[in-house]
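The structure appears right after this line, and notes come after that.
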There are 2 protein chains.
Amino acid sequence: MTTRWLSPEEQRAWRAYIAASALLEDTLDRQLQQEAGLPHLYYSVLATLSEAPDRRLRMTDLAEVLKITRSRLTYAVARLEKDGAVRREDCTWDKRGSIAVLTDDGMALLERTAPGHVETVRRAVFDHLDREQVEQLERICTGITKALQGDGAEAVTADDLPWRRRSCPSS
Amino acid sequence: MTTRWLSPEEQRAWRAYIAASALLEDTLDRQLQQEAGLPHLYYSVLATLSEAPDRRLRMTDLAEVLKITRSRLTYAVARLEKDGAVRREDCTWDKRGSIAVLTDDGMALLERTAPGHVETVRRAVFDHLDREQVEQLERICTGITKALQGDGAEAVTADDLPWRRRSCPSS
DNA sequence: GACACCTGGTTCAACTTTTAAACAATAACT
DNA sequence: AGTTATTGTTTAAAAGTTGAACCAGGTGTC
């Protein structure tokens with residue numbers, strides 16, 4: 001089968017994306033490293049936990065939301081635990097399980113550093129987007145995620161989690 | 001000053017972006033590692049060189065286009081040189097300079113692996129975007145880049161390079 | 001031209017992260 | 001009961017990243 005190359009417009013968009021994402025990730029990493037002493041991924045772990053019911057999430061769920069491997073997450077949480085921002089608890093209804101819990105210290109760190117982070121994100125991204133573009137950005141990214149997530153899977157975002165199977169044996 | 005938090009729409013868009021970019025970078029890395037034996041960044045080095053006039057670019061220019069530090073680039077090019085995909089040449093009109101040149105082997109590698117890469121990008125991104133969205137994506141990303149690039153700087157993309165100062169002493 | 005200062009690029013050592021594979025424990029299915 | 005699948009961690013190796021230090025060469029000034 002002959003290759004379906006990118007059209008010139010697509011190429012431009014793709015290059016713009018590559019540049020922007022590299023620059024953005026770099027900026028976020030530096031800003032957070034500076035202010036919170038954490039790389040972006042680690043901050044995301046805390047942020048995700050902070051919004052979860054009861055500030056706790058099972059490792060696999062957390063990994064799924066963040067789109068990283070469990071192995072990578074184990075490493076990250078180990079460090080966050082050492083920093084005192086996260087604590088691990090055993091899962092009572094599934095003895096294999098391990099639950100990451102945001103500590104008060106972690107919450108405090110988050111609250112202390114969130115404003116700076118949000119400001120960075122805003123300046124980098126949202127300050128120059130109109131309503132329409134914000135909406136498009138979401139749609140575009142959701143589409144990408146869906147495409148990459150194996151088509152059978154439902155979209156998994158933080159919002160889905162409170163009702164997910166592993167969260168709690170409420171049934 | 002009170003924090004300008006993200007609106008719910010912005011939050012959704014931001015989370016969608018975080019998820020998509022993590023997943024995308026991961027996918028590209030794996031696909032390219034598999035097919036070309038290179039991570040995405042390294043592939044981008046080759047791709048950028050392949051489009052430069054005479055398939056060569058000064059290190060600083062290359063770093064600027066790719067939005068990475070010179071240090072990081074030195075490391076990357078060192079490996080690519082060891083692989084035989086890139087060769088370094090001395091810059092004749094500026095004796096400090098070092099020029100990265102895409103070798104024939106590098107070009108061959110690129111040509112061999114480009115179809116698979118493009119196919120991945122297409123499936124992940126462009127297959128589910130319409131014309132309008134492609135255009136928006138470019139605009140959004142260009143805006144981000146501009147915002148992060150220090151406002152004084154002109155946008156630097158591969159397209160600008162043939163005419164850039166360091167490329168050639170044609171003046 | 002001598003001086004100071006700026007740039008291009010590399011090197012180094014420390015560190016962090018990532019990966020993949022293997023593993024133990026537990027759950028779930030048949 | 002006996003597989004098979006999942007959860008989460010561990011391990012060792014490799015890779016990548018960083019920042020600072022550094023050299024060599026350019027640029028500008030007086």
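Note on naming: letters A, B, ... go to the chains in the order of the sequence lines (proteins, then strands), and numbering restarts at 1 for each one.
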Pairwise N/O distances under 3.5 Å, protein to nucleotides 23-27 of chain D:
from	atom 1	to	atom 2	distance (Å)
D:dG25	N2	B:R96	NH1	3.3
D:dG26	OP1	B:K95	N	3.0

My understanding is that only residues two or more places apart in sequence, or in another chain, count here; which of them pass salt bridge (charged side-chain N to carboxylate O under 4.0 Å, His left out) with [X]?
X: A:R79; result: A:D83
X: B:R139; result: B:E135
X: B:D26; result: B:R30

> Applying salt bridge (Lys or Arg N to Asp or Glu O under 4.0 Å), which residue pairs with at least one partner in residues 97-112 of chain B are found, sequence neighbours left out?
Replying inline: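 Only B:R55-B:D104 qualify under salt bridge (Lys or Arg N to Asp or Glu O under 4.0 Å).
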> Bend angle of the helix from C:dG1-D:dC30 to C:dT30-D:dA1 from five-pair axes at both ends, rounded to 10°?
Replying inline: 40°
> ring pair (Phe, Tyr, Trp, His ring centres under 6.0 Å): which pairs involve residues 121-141 of chain B, sequence neighbours left out?
Replying inline: none
> Please, which pairs that meet ring pair (Phe, Tyr, Trp, His ring centres under 6.0 Å) have at least one residue in residues 45-64 of chain B, sequence neighbours excluded?
Replying inline: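 Those involving residues 45-64 of chain B do not exist here.
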>> Just to be sure I understand the geometry, which residues of residues 71-89 of chain B put a non-hydrogen atom under 4.0 Å away from DNA chain D?
In response: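 Those residues are B:S71, B:R72, B:Y75, B:R79.
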>> Does anything in residues 31-42 of chain A come within less than 4.0 Å of DNA chain D? Heavy atoms only, and list the residues if so.
In response: none
> By ring pair (Phe, Tyr, Trp, His ring centres under 6.0 Å), which residues pair with B:H40, not counting sequence neighbours?
Replying inline: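 For B:H40, the residues satisfying ring pair (Phe, Tyr, Trp, His ring centres under 6.0 Å) (neighbours in sequence not counted) are B:H117.
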>> Taking ring pair (Phe, Tyr, Trp, His ring centres under 6.0 Å) as the definition, give me every residue that meets it alongside B:Y42, ordered by chain and number, with sequence neighbours left out.
In response: none
